Amino acid sequence: MDLLPTILDAVGVEIPPTARGESLLPRLRDEDSSRIEEARGDPLPVAVRINEEKFFRPWREIRGDRNVALRDGRFKGIVNLDPRVLELYDLEADPGELRNVADRHPEVARRMVSTARSWWEACRSRRDEHGPRQREEALPTGEIDELRALGYVQ
């Protein structure tokens, strides 16, 4: 969702107000990303994992099947929606993400969980509003078989 605003920003074209996302150009230029995230006021969702096929079982008991990763300044949060567990890491003090510090930063933890749940619900609403997409119908049969063999299509 940030791709279009980033490209437009890079070529000097004004980003239309209807564009979703934001330009990542300041981050690509190594400007202070924590300043950008603080200006937003909310943690920034950066990744989502949905394990519909239950392929990655080792972490399933701890992380469940739906996870949203967020950044908020020096903090990275992984909000595990199924077991309702937050992992919070201070990337300045712990770049290897070995110590969960959620209990030491309750306000950051609260904002991470709140933002992840709101973002997740907004995504679900948009999906429901626009209905399921049948992209498989637009692909040649051979490509569908290859994607199925790789586990991308059922």
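A quick note: this is a predicted structure, and the numbers were derived from the prediction, not measured.
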Look at the side chain of [X] and the backbone N and O of [Y], then say whether any donor-acceptor pair between them is shorter than 3.5 Å.
X     : Y     : answer
Arg71 : Gly73 : yes
Asp94 : Arg99 : yes
Asn80 : Val85 : yes

What distance separates [X] [atom1] from [Y] [atom2], expressed to the nearest 0.5 Å?
X      : Y      : atom1 : atom2 : answer
Glu22  : Leu4   : CD    : CG    : 13.0 Å
Trp120 : Thr115 : CH2   : OG1   : 15.5 Å
Asp90  : Phe75  : CG    : CZ    : 4.5 Å
Leu88  : Met112 : CG    : CE    : 5.5 Å
Leu91  : Asp72  : CG    : CG    : 11.0 Å
Thr6   : Leu24  : OG1   : CG    : 3.5 Å

In terms of hydrophobic clustering (I, L, V, M, F, W, Y; side-chain heavy atoms under 4.5 Å; direct or indirect links), are [X] and [Y] co-clustered?
X     : Y      : answer
Ile15 : Val11  : yes
Ile78 : Val108 : no
Val48 : Leu86  : yes

query: Around Glu121, counting heavy atoms of other residues, nucleotides and ligands shown, do more than 12 lie under 6.0 Å from its CD?
result: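 Yes, the 6.0 Å shell around CD holds more than 12 heavy atoms from other groups.
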task: Run the numbers on Glu143 and Arg148 for side-chain contact (heavy atoms from CB on, under 4.5 Å), then give the verdict.
output: CA-CA 9 Å; Glu143 289 183 27; Arg148 188 173 289 115; over 6 Å; no
field: Salt-bridge present (Asp42, Arg111; N to O < 4.0 Å)
entry: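 Looking at Arg111 together with Asp42, the answer is no, because their closest N to O distance does not fall below 4.0 Å.
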task: Apply side-chain contact (heavy atoms from CB on, under 4.5 Å) to the pair Leu70 and Trp119, showing each step before the final yes or no.
output: CA-CA 11 Å; Leu70 306 98; Trp119 181 82; over 6 Å; no
query: Under the criterion side-chain contact (heavy atoms from CB on, under 4.5 Å), which of Val101, Val79, Asn100 is the partner of Glu87?
result: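 The option that passes is Asn100.
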- prompt: Which heavy atom in Ala109 sits nearest to a heavy atom in Ala102, and how many Å separate them?
  reply: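 Minimum heavy-atom contact is CB-O, 4.0 Å.
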- prompt: Are Arg49 and Arg66 close enough, and set up right, to give a side-chain contact (heavy atoms from CB on, under 4.5 Å), and what steps lead you there?
  reply: CA-CA 6 Å; Arg49 182 183 71 81; Arg66 298 178 303 144; over 6 Å; no
